[in-house]
Amino acid sequence: MRRRGLLAYASMCGKGGRTPPWSIRSGWSPHLRQEVALARIDDPDEDLLCRVAQGDPAAIQSMVSRKLPRLLTLATRMLSDAVEAEDVAQEAMLRVWKQAPRWKPGEARFDTWLHRVAMNLCYDRLRRRRETLMDTVPETVDEGPAPDRGLLAAETGARVQACLMRLPDRQREAIVLCHYQELGNIEAARIMDVSVEALESLLSRARRSLRASLADMAPMRRGG
């Protein structure tokens, strides 16, 4: 099921009154509802997740709109493959819907859990690549006509992505979370299950590697 398929399904749920198969309408006890209400203060996603668990079509649409683009960005940077990234993002969303009825408010931030799920799915695919000896990095090439400035930007983006893919997995994960997902060091460290100091060390090593790999591009940028 592709991204449009997910959005269409969410819309269909609202139009036809169809209840998603993971929905529960009576499984939330008053005590659990109270826990959810208290958790909303700390985690803005808790209310939405509660509604998703109840099969609320509007909540499903909102969850897809809010989370899917960020998951696509994360997976694309980790995998450098648009098709695989889309599969990872959609699998992560499906896990959200399966997990929603069992979610325990207050145990973890939902966004932290979701990023960890997406990262694990990315690592699964990276392991499969290594097992099949596919150690080359796919590059995205813009085959359509483009102005020189746009072509240069595309080439630069592809070069940066290729260098990013050559980083060790944990260094790349740190860069993706902090720079592309724009998470703070504390949140990124929590997702990676490391200390903030360890995260900063990974970031430092990754930045040094990227600067060394892209050093020849500095004169070109100054000249442009």
Heavy-atom side-chain proximity of [X] to [Y] below 4.5 angstrom:
X      : Y      : answer
Arg66  : Leu48  : yes
Lys67  : Phe110 : yes
Arg170 : Val194 : yes
Trp97  : Val64  : yes

In terms of side-chain geometry, is the basic nitrogen of [X] or [Y] positioned less than 4.0 Å from the acidic oxygen of its partner?
X      : Y      : result
Arg159 : Asp216 : yes
Asp45  : Arg109 : no
Arg125 : Asp81  : no

Dump the intermediate steps for side chain to side chain contact (heavy atoms under 4.5 Å, CB included) on Asp56 and Ile60, then the final yes or no.
-> CA-CA 6 Å; Asp56 182 343; Ile60 295 170; over 6 Å; no

Is there a side chain to side chain contact (heavy atoms under 4.5 Å, CB included) between Val96 and Leu49 once you walk through the steps?
-> CA-CA 8 Å; Val96 169; Leu49 192 62; 4.0 Å; yes

Do [X] and [Y] have side-chain N/O donor and acceptor atoms under 3.5 Å apart?
X      : Y      : result
Glu46  : Trp103 : yes
Thr112 : Glu187 : yes
Arg190 : His115 : no

Apply salt bridge (Lys or Arg N to Asp or Glu O under 4.0 Å) to Arg70 and Glu182, showing your working.
-> CA-CA 10 Å; Arg70 286 175 61 79; Glu182 299 180 346; 5.6 Å; no

[atom2] on [Y] to [atom1] on [X], rounded to 0.5 Å:
X      : Y      : atom1 : atom2 : value
Leu167 : Ile175 : CG    : CD1   : 7.0 Å
Leu126 : Met119 : CG    : CE    : 10.0 Å
Ile186 : Ser195 : CD1   : OG    : 11.5 Å
Leu74  : Leu183 : CG    : CG    : 8.5 Å
Arg166 : Arg172 : CZ    : CZ    : 11.5 Å
Ser204 : Glu200 : OG    : CD    : 9.5 Å

Side chain of Thr73, backbone of Pro69: donor and acceptor closer than 3.5 Å?
-> yes

Before giving the answer on side chain to side chain contact (heavy atoms under 4.5 Å, CB included), spell out for Asn185 and Leu203 the whole-Å C-alpha distance, their side-chain angles and the decisive distance to 0.1 Å.
-> CA-CA 10 Å; Asn185 285 6; Leu203 286 171; 4.1 Å; yes

Side chain to side chain contact (heavy atoms under 4.5 Å, CB included) partners for Arg205, two or more places apart |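 So Arg205 forms a side chain to side chain contact (heavy atoms under 4.5 Å, CB included) with Gln171, Ser201, Leu202, Arg208.
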
Using the salt bridge (Lys or Arg N to Asp or Glu O under 4.0 Å) rule, take Arg129 and Glu84 through it: C-alpha gap first, then chi angles, then the decisive distance, then the call.
-> CA-CA 11 Å; Arg129 287 184 189 179; Glu84 282 198 298; 2.6 Å; yes

Starting from the C-alpha separation in whole Å, work towards a yes-or-no answer on side chain to side chain contact (heavy atoms under 4.5 Å, CB included) for Arg128 and Tyr123.
-> CA-CA 9 Å; Arg128 286 200 292 270; Tyr123 281 128; over 6 Å; no

Is it possible for you to say whether Val196 and Ile191 belong to one hydrophobic cluster, with membership spreading through side-chain heavy-atom contacts below 4.5 Å?
-> no

Closest non-hydrogen atom pair between [X] and [Y], with its separation:
X      : Y      : answer
Leu71  : Ala118 : CD2-CB, 3.8 Å
Ala85  : Leu72  : O-CD2, 3.9 Å
Ser213 : Cys163 : CB-SG, 3.6 Å

